[in-house]
2 protein chains.
Amino acid sequence: MSRVVDESTAAPGQRPDGILSPLLTVDSVLFTYHERLLKILLVKRSVEPEAGKWGLPGGIVDVAVDSDLQATALRKLVDKTGIAPTYLDQLETIGDRLRDPRGWSVTVCYTALIAHQACAYHVDTVSDVRWIALNKMRHLRLAFDHRELIKKAQERMRQRALYSILPGYALPELFTLGELQHLHELLIGKALQKRSFRRRIEQAGLLVDSGQKRQEQGRPAALYRLRNKSLSYRFVRNLEG
Amino acid sequence: MSRVVDESTAAPGQRPDGILSPLLTVDSVLFTYHERLLKILLVKRSVEPEAGKWGLPGGIVDVAVDSDLQATALRKLVDKTGIAPTYLDQLETIGDRLRDPRGWSVTVCYTALIAHQACAYHVDTVSDVRWIALNKMRHLRLAFDHRELIKKAQERMRQRALYSILPGYALPELFTLGELQHLHELLIGKALQKRSFRRRIEQAGLLVDSGQKRQEQGRPAALYRLRNKSLSYRFVRNLEG
DNA sequence: TCCTTTAGTGACTAATAGACACTTATATAT
DNA sequence: ATATATAAGTGTCTATTAGTCACTAAAGGA
């Protein structure tokens, strides 16, 4: 059985089986912690639509290359940073008629974390890629609905900071509890009690002291390392409201 | 310009702009609570692929009809139940080369909740749609990766039951705390302390007593109704492990 | 030596969940 | 009428964990 399909009016894309198939892209909000700031990776778009604006690292799913959606996300991130992120997690999928001027389109959005040092060199050598501090994004021109995606990723990370130490993946392999706490404070938007924070980390047995020390000012701090299992802990009182 | 396309061999679809665009579908795991059981809505597939197996209510995104992804989910659910679910939330998007024999395909999966009575008549009158109790699904033949999707939806609902009273949307508009607690126990897989459960509900001010009573056996129970805001509460100790 | 800075701890208080026995209100059986 | 069964709902003590904050510890620099 076959039937006639008119290509000239078929937009967005029409599959040979007669099904109108929207454009499918994958985008990632890649966070890192650097110089006491929370930053995300943005790419300056050089092609239309939205040329000249900043956008999330991502692109069209290539069914000839990518085995699954996450592979697309990874491929695009490695392309921009030179390295795979240490954490990658699906955030949400947005798909409608209005978000892309070309018509009905879908983006599967991921949240990712990486240590700044791990990709600093690669990012510095590529002109269209930059780490942007989250508190300096207000006046930036962003492509499509990417500002909304970033906001959602931020909220997701905030929840993670409340109930887990997963944000630690935005730090180097070895880090101090002071660094981890500050990162959590940036995500949560509120100062935390040092005593409570340390207690949670220790009680859950989530981190391993590696014996070494590091300092910039004041007493040297113990260095910790993330363990792969049980990254989540319990509940934090009095953080909401 | 037009052309003839052979439907039988066309997979996956090629867009007019030359981009290979995977098949995009939306599926929903619709939960309800009925006769002290947790049930989900399944549809017996009549067409290939996977004809004769049970699958989730869903289907292909129609860019000519649906304004966004959630609209597709709603359209398919209304088609099977005669009514829109009271709760609908995106779960996860799965996309790879292997999940559908036709080739690279993507499904945006939703979790949904509805009161059983609200759609009992419509579901009973349609022969290919059935409510299946979750504990009686083991020997059912399920299409594609739908068993995995159901498992993920179940885990998501379990988390919701731990930290919110959102599962209440699977109950009728007026319900007793006994019913809500039993539903939570089914989701969590563990008996809950009556005192603690009631305390959480009351403390958070999440429910409104409507003054009426209902009973089958024993003392009549007060009826409660969900409020739209602040459905989540805090932490439940001792439920893990 | 003292001051500054940051790391890390001791110890009390406050808040909340767990446990479980108790009372209350209804239907039904004798 | 009374007893019994059943489920709703409460009183209250205990256990656990978070909040608070003052304290000590360990470094560098003036």
Side-chain angles (χ1 to χ4, degrees), chain A residues 35-36 161-165 168 171 174-185 188 190-225 230 232-241, chain B residues 33 35-36 161-165 168 171 174-186 188 190-225 230 232-241:
Chain A
E35 292 173 338
R36 295 183 69 80
L162 288 172
Y163 298 111
S164 80
I165 51 169
L171 297 176
L174 293 175
F175 54 86
T176 69
L177 287 198
E179 289 165 345
L180 184 60
Q181 182 176 341
H182 184 242
L183 168 55
H184 277 238
E185 287 173 340
I188 295 171
K190 179 172 178 173
L192 299 177
Q193 290 281 340
K194 180 170 54 172
R195 199 68 183 86
S196 302
F197 188 78
R198 303 179 81 89
R199 202 155 35 195
R200 289 191 319 189
I201 305 291
E202 283 157 14
Q203 275 183 16
L206 300 179
L207 298 165
V208 176
D209 191 332
S210 64
Q212 304 164 57
K213 303 278 173 177
R214 186 206 306 165
Q215 80 292 333
E216 288 159 25
Q217 244 185 340
R219 175 174 167 176
L223 292 177
Y224 289 77
R225 180 195 307 271
S230 62
S232 56
Y233 41 58
R234 289 297 178 52
F235 156 68
V236 187
R237 196 200 305 263
N238 211 15
L239 284 175
E240 307 287 357
Chain B
Y33 176 80
E35 291 173 337
R36 294 184 69 79
L162 287 173
Y163 299 111
S164 80
I165 52 169
L171 298 176
L174 293 175
F175 54 87
T176 69
L177 287 198
E179 289 165 346
L180 184 61
Q181 181 177 339
H182 184 242
L183 168 55
H184 277 237
E185 287 173 340
L186 288 178
I188 295 172
K190 179 172 179 173
L192 300 176
Q193 290 282 340
K194 181 169 52 170
R195 197 69 181 88
S196 302
F197 188 79
R198 303 178 83 87
R199 203 156 33 195
R200 288 190 319 189
I201 305 290
E202 284 157 13
Q203 276 183 14
L206 299 179
L207 297 165
V208 176
D209 191 332
S210 64
Q212 302 163 58
K213 303 279 173 176
R214 187 206 306 166
Q215 81 291 336
E216 288 159 26
Q217 245 185 338
R219 174 174 169 177
L223 293 176
Y224 289 77
R225 181 196 306 272
S230 61
S232 55
Y233 42 58
R234 290 295 177 52
F235 157 67
V236 187
R237 196 201 306 263
N238 211 15
L239 284 175
E240 306 288 357

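Owing to the predicted nature of the structure, the values given are computational and were not obtained by experimental measurement.
Closest to the A/Thr176 side chain, of the nucleotides D/dG9, C/dA17, C/dA7, is C/dA7.
With rounding to the nearest 0.5 angstrom, the NE2 atom of A/His184 is 10.0 Å from the CG atom of A/Leu177.
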Review item, nucleotides 2-6 of chain D N/O atoms under 3.5 Å of protein N/O:
| residue | atom | partner | partner atom | Å |
| --- | --- | --- | --- | --- |
| D/dT6 | O3' | B/Gln217 | OE1 | 3.3 |

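For A/Glu185, the side-chain hydrogen bond (donor to acceptor under 3.5 Å, both in side chains) criterion is met by A/Gln181, not counting sequence neighbours. Residues forming a side-chain hydrogen bond (donor to acceptor under 3.5 Å, both in side chains) with A/Arg214 (at least two apart in sequence, or on another chain): A/Glu179. Every side chain to side chain contact (heavy atoms under 4.5 Å, CB included) that B/Ala222 has, sequence neighbours left out, goes to B/Asp209, B/Lys213, B/Tyr224. Residues passing the side-chain hydrogen bond (donor to acceptor under 3.5 Å, both in side chains) test with A/Arg219, sequence neighbours excluded: none. Residues forming a salt bridge (Lys or Arg N to Asp or Glu O under 4.0 Å) with A/Glu216 (at least two apart in sequence, or on another chain): none.
Rounding to whole angstrom units, CD of residue A/Glu202 and P of C/dG10 are separated by 10 Å. One atom, NE2 of B/His182, and another, P of D/dA8, lie 11 Å apart when rounded to the nearest Å. The separation between B/Gln193 atom CD and D/dT16 atom C1' is 15 Å, rounded to whole Å. We find that OH of B/Tyr224 is positioned 9 Å from C1' of D/dG9, with the value rounded to whole Å. Taking atom NZ of A/Lys213 as the reference point, atom P of C/dT5 lies 21 Å away to the nearest angstrom. Atom P of nucleotide C/dC20 and atom CG of B/Leu192 are separated by 15 Å, given to the nearest angstrom. Across the protein-nucleic acid pair, B/Arg198 atom CZ and D/dT10 atom C1' stand 9 Å apart, rounded to whole Å. Taking atom CD of A/Gln181 as the reference point, atom P of C/dA7 lies 9 Å away to the nearest angstrom.
Between the base of D/dG9 and the side chain of B/Arg199 there is no donor-acceptor pair shorter than 3.5 Å. For D/dG19, its base never sits under 3.5 Å from the side chain of A/Arg195 at any donor and acceptor pair.
When the nearest nucleotides of DNA chain D are assigned to A/Ser196 and B/Ala221 by heavy-atom distance, the more 5′-ward of the two goes with B/Ala221.
Smallest separation of non-hydrogen atoms from A/Arg200 and A/Leu162: NH1-O, 3.6 Å.
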